[in-house]
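Following: one structure in structure tokens, then a few remarks.
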Amino acid sequence: MTAADMDASAPAASARSAPVARIFHDALRHNAAVLALPAGTVVGLPADAYGHGWAEVTRTLAASGVSADADAESPFAEELLGLTRGFHPVMRLSGTVLAVKPLLTGEGVSYGYTHRARQDTSVALVVGGYAQGIVRALGNQAEVSIAGERHPIIGRVAMDVCVVDIGSAHVQRGDQVVFFGDPGAGDPSITEWVDATGLTARELATTVGLRAVREHRP
């Protein structure tokens, strides 16, 4: 798959769809209950609640007895939003398969061919690139989940799409691809992105949440 292939497909990807950041308020309520913060505790949630949606998040927190301030910092933000291990992730980021193509032994992927196939395989072109928060450092470093199976992101991440090596898995156009979510459900964790990029979980969640399509779930 050449850089030209990706360039030709990227406008169509951005025109039809974009990655979706789903915000699960049941997880937010769970995390608030686990923390059991004392009355009067104010949690700092700047940057639109780190990309989770200020109005929606603070409404749920208020119902759980937690106050929030957009201009304050707080040690409890990552726990409430499930950005640390041991808490339920509030955000789940997913994209969709745009196309599936064969990749033959020795063929390169994306700009600069930083990945070349060691054997014949198949790859999926997935909606989601660095313009939507799928940061470029994830190329050749992170995995996604498709139908519960892990597959690596290969080559450089482009502006609106990335390439995933699916091997012999049965994957087709329109299938959901999970970038990160609940590791308890088999999803990659945002902490894997932290390890791959050197960015903090807050930075990654904010970048994604402000650029992807955001949906709120009860």
Side-chain angles (χ1 to χ4, degrees), residues 13-14 17-32 35 42-64 66-96 126-139 141-142 144-145 153 157-162 176-185 187-218:
S14 59
S17 60
V20 177
R22 292 179 175 86
I23 311 301
F24 294 94
H25 288 256
D26 57 346
L28 182 61
R29 287 188 289 270
H30 169 85
N31 295 340
L35 282 172
V42 177
V43 177
L45 292 174
D48 199 20
Y50 297 108
H52 289 65
W54 167 259
E56 296 84 357
V57 166
T58 55
R59 188 181 304 120
T60 295
L61 290 178
S64 300
V66 178
S67 299
D69 186 339
D71 298 318
E73 285 290 341
S74 167
F76 303 111
E78 290 192 2
E79 288 81 1
L80 281 170
L81 298 175
L83 300 177
T84 56
R85 293 181 177 90
F87 291 84
H88 290 189
V90 175
M91 180 186 289
R92 182 175 190 258
L93 181 68
S94 63
T96 54
V126 177
V127 173
Y130 61 80
Q132 296 90 21
I134 316 302
V135 295
R136 301 190 80 171
L138 296 170
Q141 297 296 326
V144 300
S145 176
I153 299 173
V157 175
M159 181 178 291
D160 296 302
V161 293
C162 59
Q176 184 181 83
V177 178
V178 179
F179 290 107
F180 66 75
D182 185 357
D187 299 335
S189 168
I190 196 170
T191 58
E192 295 177 35
W193 281 31
V194 172
D195 294 340
T197 66
L199 299 172
T200 68
R202 293 187 189 192
E203 290 170 330
L204 291 165
T206 300
T207 299
V208 165
L210 296 179
R211 296 183 179 184
V213 175
R214 196 161 56 199
E215 295 180 355
H216 289 270
R217 300 293 176 89

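Atoms considered below: every heavy atom in the structure, side chains included; atoms not considered: hydrogens, waters and symmetry mates.
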For residues [X] and [Y], report the shortest heavy-atom separation together with the two atoms involved.
X    : Y    : answer
C162 : F179 : SG-CE2, 3.9 Å
P19  : G128 : CG-CA, 3.4 Å
W193 : L93  : CH2-CD2, 3.8 Å
P89  : G181 : CG-O, 3.3 Å
V194 : A201 : CG2-N, 3.6 Å
T207 : G133 : CG2-CA, 3.7 Å

Close side-chain approach of [X] to [Y], heavy-atom, < 4.5 Å:
X    : Y    : result
Q176 : V178 : yes
Q141 : I153 : no
V161 : V126 : no

Going through the distances and angles, do N31 and L28 end up as a side chain to side chain contact (heavy atoms under 4.5 Å, CB included)? CA-CA 5 Å; N31 295 340; L28 182 61; 5.5 Å; no
So V66 and V43, side chain to side chain contact (heavy atoms under 4.5 Å, CB included) or not? Walk me through it. CA-CA 7 Å; V66 178; V43 177; 3.8 Å; yes
Within this structure, what is the CE-CD1 distance for the pair M159 and I134, rounded to the nearest 0.5 Å? 14.0 Å
Tell me which pairs pass salt bridge (Lys or Arg N to Asp or Glu O under 4.0 Å) where either residue lies in residues 86-95, with sequence neighbours left out.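 Every pair satisfying salt bridge (Lys or Arg N to Asp or Glu O under 4.0 Å) with a residue in residues 86-95: R92-D187.
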Can any side-chain N or O of [X] pair as donor or acceptor with the backbone N or O of [Y] at less than 3.5 Å?
X    : Y    : result
D69  : G44  : no
T197 : L199 : yes
H52  : Y50  : yes
T206 : E203 : no

Could you walk me through whether L45 and L61 pass the side chain to side chain contact (heavy atoms under 4.5 Å, CB included) check? CA-CA 11 Å; L45 292 174; L61 290 178; 3.6 Å; yes
Pair up each side-chain donor or acceptor in residues 208-218 with any protein partner under 3.5 Å, not counting sequence neighbours, and list the distances.
unit_1 : atom_1 : unit_2 : atom_2 : d
R211   : NH1    : Y130   : O      : 3.1
R214   : NH1    : D48    : OD2    : 3.2
R214   : NH1    : G51    : O      : 2.8
R214   : NH1    : G209   : O      : 3.3
R214   : NH2    : D48    : OD2    : 2.8
E215   : OE1    : R22    : NE     : 3.4
E215   : OE1    : R217   : NH2    : 3.2
H216   : ND1    : H25    : NE2    : 2.8

What side-chain donor-acceptor pairs closer than 3.5 Å can you find for residues 76-87, not counting sequence neighbours?
unit_1 : atom_1 : unit_2 : atom_2 : d
E78    : OE2    : R202   : NE     : 3.4

Side chain to side chain contact (heavy atoms under 4.5 Å, CB included) evaluation trace for V157 with V135: CA-CA 7 Å; V157 175; V135 295; over 6 Å; no
